[in-house]
Amino acid sequence: MSLVTPVRVRFAPSPTGFLHVGGARTALFNWLWARHTGGTFVLRIEDTDAERSTDEMIREILDGLEWLGIDWDEGPYFQSERGERHREAAGRLVEEGNAYPCFCTVEELAAEREAAIARKESYVYSGRCRGIAPFEAAERRASGDPCTIRFAVPAGETAWDDVVHGPTSFENRTIGDFIVVRSDGAPIYNLAVTVDDLDMRISHVVRGDDHISNTPKQILIYHALGVEPPVFAHVPLILGPDKSKLSKRHGAVAVTAYREQGYLADAFVNFLALLGWSPGDDREVMTRGELVEAFTLDRITGKSAVFDVEKLEWLNGQHLTQLSGADVAEVARPWFVRAGIVGLEELEERADWFEDLMGLVKTRSRTLHDLVEQGRPFFPGPVEYHPDAIEKFWKDPAAADQALAVAEEYAAAEDHWGALEAMETRLRSVAEGRGVPAGKVMQSMRVALTGQRVSPGIFETMVAMGPDVVGERLSAARTWLARRSAG
RNA sequence: GGCCCCAUCGUCUAGUGGCCUAGGACGUAGCCCUCUCAAGGCUAAAACACGGGUUCGAAUCCCGUUGGGGCCA
C-alpha cells in the first residue's frame with residue numbers, strides 16, 4: 001500500500017433501497033480504513049437511476065449511517081449532478097479512439113446473441129461498428145441516427161492485484177465492447193463510477209464482491225483515460241442462514257431495524273466488523289476505537305460469511321455489560337419512556353436511582369428490550385405474575401403464602417436497607433426461626449416483588465424498590481394467593 | 001450456459017510448509033458459584049469437502065473433481 005498517496009475511500013450507495021446489512025458493512029470497512037489511516041471518507045449517492053431513486057431512501061441511508069456512527073468527511077456528492085463530467089469523459093474516449101459510436105439496433109443485437117447461443121458460445125458484442133469510419137459515424141450521428149457509445153476493448157488480459165483476493169484477471173475477449181453511454185445520452189454505470197472515483201481521487205475502492213466483474217471494465221477505462229487505477233479490495237458477501245445472499249427473506253433488511261430490535265450501535269458495528277474480518281488475535285468484543293486501531297484491509301477474509309443473529313445477541317449483551325450504569329441509562333431512557341413505563345421528567349429526577357437500576361439489570365439483558373422487561377417491575381404499579389414464575393416458585397400456594405408471611409415479618413422489621421449482607425443475615429435468621437427455608441422465602445419474594453422468575457438478587461431488588469413498594473407488593477401477593485386458593 | 005470468486009467445528013474465525021495429536025468465539029451439553037436468571041470460571045462433543053500430485057514433511061503450494069456463491073446472458 002502506497003504511503004505516498006493519502007488514503008481516500010468512498011461509500012457509494014444507490015438510494016433505491018434501505019441501507020442493508022451488506023451495504024453497512026461495506027461502509028464500515030471503508031470508514032475503518034479511513035479512520036485507521038487518518039484518511040478521508042467520501043460519501044457519494046449513486047442516484048442515476050432516477051426512476052428508482054427516492055429522497056426517502058437517501059434519508060434512510062443517511063439515518064442508518066448516522067446510527068452506526070459512520071460519519072463522512074466529504075459529500076454527500078450526487079452522481080446525478082455529474083452527468084456533464086461523464087459525457088466529457090466519454091467524448092474524450094471517442095476522440096482518442098478508445099470508444100466508438102455503435103448503431104446496431106436492438107434487433108440486430110438480439111440476432112447476434114441468438115446466433116451465439118445457437119453455436120453454444122457465450123455472447124459478447126461482435127464489435128462490428130468499430131469498423132465504421134469516423135467521418136461516416138459523425139455524419140450518421142448528425143443526421144439523428146440513434147447510437148450508443150461503446151468502449152473499444154483491446155486484445156489481451158486485464159489484471160489487478162486485489163487486496164482481498166490477490167492476483168485476479170479477466171481475458172478481454174470475454175468482456176466484449178461494452179456500452180459506456182446509452183442511446184439517450186445517459187452514461188452507463190461503469191463509466192460514471194470510474195469518472196467519479198477518478199475525480200474524487202479515490203485511492204482504495206473497497207466494495208462488495210458482486211462488483212468483481214465490473215472491475216476489469218473500469219480498469220480499462222482508467223487506462224484509456226491515462227491514469228493508474230486505484231487499489232481494489234473486494235469484500236465477500238454476507239449470506240443468510242441458508243447461505244444465499246442476505247435478503248428480506250432472512251428478516252431485517254434495513255440496519256435501522258436492528259436499532260428497533262434493541263441492539264447497540266457499537267455492538268452492531270463490532271459484529272459487522274467481525275463478519276469477514278478479524279484482528280488476528282483472539283479478541284472479539286471490541287470497542288470502536290479498538291476496531292479502528294486494529295483494522296487493515298489485508299486481514300479481510302476472502303470467504304463469504306453467514307449472518308448469525310445469536311452471536312450478535314451475545315455481543316450486544318457483552319457491550320451492555322461493559323457499559324457503566326450511567327451509559328446504559330443514557331441509551332435505555334427513551335426505551336422506558338416509549339414503553340409507557342415512566343415519563344422522561346421522572347427518570348431525570350431519579351437519575352441516580354435509574355443508573356443503579358440499569359447497573360443491576362444489564363448483565364441479565366442481551367437487548368434493550370430485555371432491559372425494559374427486567375426494569376419494568378421496579379416502577380410503581382401493579383405487578384403481573386408471570387405464569388412461568390408461578391409454575392416455578394408458587395406451585396404450592398399454601399407454601400408460598402407461608403414463605404411470604406415470613407418475608408413480610410422480616411421486611412417490616414428491616415431497618416438496614418442498603419446493607420445487603422446484613423439484610424441477608426437477618427432474613428436467614430427470621431426464616432430459620434419460623435422453620436421455613438430461607439431460599440424458599442427469597443424465591444417467593446422474587447415473584448411477589450417482580451412477578452418474574454428472573455431478577456437481580458432479592459436484596460438488591462428490595463433496596464431498589466424501597467420499603468413502601470416492597471410492603472405493598474408482599475401484601476398484594478398474599479391477597480392474590482389467598483384468592484387463588486379460595487377460588 | 002459463459003466468466004469470476006470461494007471452500008477449517010452447525011456458525012464466525014486463527015492458521016501463510018514443520019510450533020497443529022488444528023487454537024479462540026457463538027451456539028449446544030455438563031459441572032462450579034448460587035435466593036432465580038444472567039454474568040463469571042471449568043469441562044465436553046464438534047472441522048481442515050474429495051482425489052491426485054510437489055516435498056523429508058502439507059490445513060497451508062499445484063492440478064482436477066465436487067459443492068456453494070456472484071456477475072453477465
Side-chain angles (χ1 to χ4, degrees), chain A residues 22 109-110 112-114 116-117 119-125 158 162 164-166 168-176 178 208-217 234-246 270-285 298-318 320-322 360-366 370 373-374 386 388-389 392-393 403 407 420 423-424 427-428 431 437-447 449-450 452-462:
Chain A
L109 260 16
E112 267 195 13
R113 186 174 306 126
E114 266 157 43
I117 290 169
R119 289 195 307 272
K120 293 201 164 181
E121 283 170 14
S122 64
Y123 170 70
V124 285
Y125 175 60
T158 301
D162 198 279
V164 177
H165 297 290
T168 310
S169 63
F170 283 75
E171 300 222 34
N172 291 357
R173 59 176 172 75
T174 67
I175 298 171
F178 56 93
D209 247 0
D210 46 347
H211 285 289
I212 280 191
S213 45
N214 284 322
T215 306
K217 298 178 184 172
H234 287 97
V235 184
L237 271 13
I238 297 179
L239 273 27
D242 61 354
K243 304 221 177 189
S244 70
K245 196 174 173 178
L246 194 68
N270 188 172
F271 175 70
L272 243 30
L274 256 23
L275 233 43
W277 175 85
S278 84
D281 47 39
D282 287 338
R283 286 182 294 170
E284 303 237 57
V285 183
D298 57 6
R299 291 207 56 85
I300 296 174
T301 334
K303 188 190 153 197
S304 40
V306 174
F307 187 94
D308 180 13
V309 195
E310 299 204 312
K311 189 142 187 177
L312 205 212
E313 280 184 5
W314 171 77
L315 259 180
N316 205 64
Q318 291 292 312
L320 223 35
T321 302
Q322 291 191 359
L360 288 180
V361 294
K362 66 179 188 178
T363 53
R364 260 162 289 262
S365 305
R366 297 200 134 188
D370 298 343
E373 290 320 306
Q374 281 284 310
H386 200 281
D388 291 353
K392 188 164 182 187
F393 298 123
L420 298 176
M423 289 173 80
E424 177 163 359
L427 180 138
R428 286 187 188 279
K440 204 74 192 152
V441 175
M442 296 189 252
Q443 288 166 349
S444 295
M445 277 179 89
R446 168 162 294 108
V447 184
L449 297 184
T450 68
Q452 300 176 353
R453 42 181 278 199
V454 173
S455 86
I458 201 66
F459 301 103
E460 288 148 306
T461 299
M462 287 176 70

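Naming convention: chains lettered A, B, ... in sequence-line order (proteins, then strands); numbering from 1 in each chain.
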Open item on the list: Applying the Watson-Crick and G-U wobble criteria at under 3.5 Å, what pairs with B/rU16? Answer none if nothing qualifies.
Closed with: none

Task: Complement of B/rC71, any strand, by Watson-Crick or G-U distances under 3.5 angstrom - done: B/rG2

Task: Atom pair distance, as rounded to whole Å: CG in A/Leu315 and P in B/rC26 - done: 9 Å

Task: More than 12 heavy atoms from other groups under 6.0 Å of CZ on A/Arg283 - done: yes

TODO: Can you tell me, in whole Å, how much space there is between the C1' of B/rG67 and that of B/rA73?
DONE: 23 Å

Open item on the list: Within this structure, what is the CD1-OG1 distance for the pair A/Ile458 and A/Thr461, rounded to the nearest 0.5 Å?
Closed with: 5.0 Å

TODO: To the nearest Å, give me how far apart CG (A/Asn214) and P (B/rC71) are.
DONE: 10 Å

Task: Residue A/Asp210, side-chain heavy atoms: nucleotide from B/rU36, B/rC35, B/rG70 that is nearest - done: B/rG70

Open item on the list: Could you tell me how far B/rG30 sits from B/rC63 if I compare only their C1' atoms? Round to whole Å.
Closed with: 46 Å

Open item on the list: Suppose we call a contact any N or O donor and acceptor under 3.5 Å apart; does that hold for the side chain of A/Arg446 and the base of B/rC35?
Closed with: yes

Task: Among B/rC35, B/rC5, B/rG70, the nucleotide that comes nearest once only the side chain of A/Leu237 is considered - done: B/rG70

TODO: Under 4.0 Å between any heavy atoms, over every strand shown, what does A/Ser455 touch: base, sugar-phosphate, or nothing? Just pick one.
DONE: base

TODO: Using the closest heavy atom to pick a nucleotide of RNA chain B for each, name whichever of A/Val164 or A/Gly276 lands nearer the 5' end.
DONE: A/Val164

Open item on the list: Which nucleotide wins on minimum distance to the side chain of A/Leu275, given the candidates B/rC35, B/rC12, B/rC71?
Closed with: B/rC12

TODO: Return the 5'-most residue of the pair A/Asp281, A/Lys217 with respect to RNA chain B, ranking by each residue's nearest nucleotide.
DONE: A/Asp281

Open item on the list: What is the separation between atom NZ on A/Lys392 and atom P on B/rC35, rounded to the nearest whole Å?
Closed with: 13 Å

Task: Integer angstrom distance from the C1' of B/rA47 to that of B/rG15 - done: 13 Å

Open item on the list: In whole Å, measure the gap between the C1' atoms of B/rC48 and B/rA7 for me.
Closed with: 10 Å

Open item on the list: For the P atoms, the ones on B/rU16 and on B/rC20, what distance do you get once it is rounded to whole angstrom?
Closed with: 11 Å

Open item on the list: Checking contacts here: which listed nucleotide (B/rA14, B/rC71, B/rU36) is nearest the side-chain heavy atoms of A/Ser213?
Closed with: B/rC71

Task: A/Ser278 side chain to A/Gly276 backbone, donor-acceptor under 3.5 Å - done: no

TODO: Figure out the CD/P separation between A/Glu313 and B/rG27, and round it to whole Å.
DONE: 9 Å

- [ ] Consider the side chain of A/His165, meaning its heavy atoms from C-beta on, and name the nucleotide among B/rC12, B/rC5, B/rU36 that approaches it most closely.
- [x] B/rC5

Open item on the list: With a 4.5 Å cut-off on side-chain heavy atoms, are A/Leu315 and A/Val285 touching?
Closed with: yes

Open item on the list: Is any side-chain heavy atom of A/Gln374 closer than 4.5 Å to one of A/Pro456?
Closed with: yes

TODO: Grab the CG-P distance between A/Asp308 and B/rC12 for me, whole Å please.
DONE: 8 Å

Open item on the list: Expressed as a whole number of angstroms, how long is the span from A/His211:NE2 to B/rC6:P?
Closed with: 17 Å

Where do N or O atoms of nucleotides 39-44 of chain B meet protein N or O atoms at under 3.5 Å, pair by pair?
from: B/rG40; atom 1: OP1; to: A/Gln318; atom 2: NE2; distance (Å): 3.4

Open item on the list: Taking A/Thr158's backbone N and O only, do any of them form a donor-acceptor pair with A/Asn172's side chain (distance below 3.5 Å, no angle check)?
Closed with: yes

Task: Protein-nucleotide distance (A/Trp277, atom CH2; B/rG24, atom P), rounded to Å - done: 20 Å

Open item on the list: So A/Arg428, base contact, sugar-phosphate only, or nothing? Heavy-atom distance under 4.0 Å.
Closed with: sugar-phosphate

Task: For atom CG of A/Leu312 and atom C1' of B/rG27, their distance in whole Å - done: 14 Å

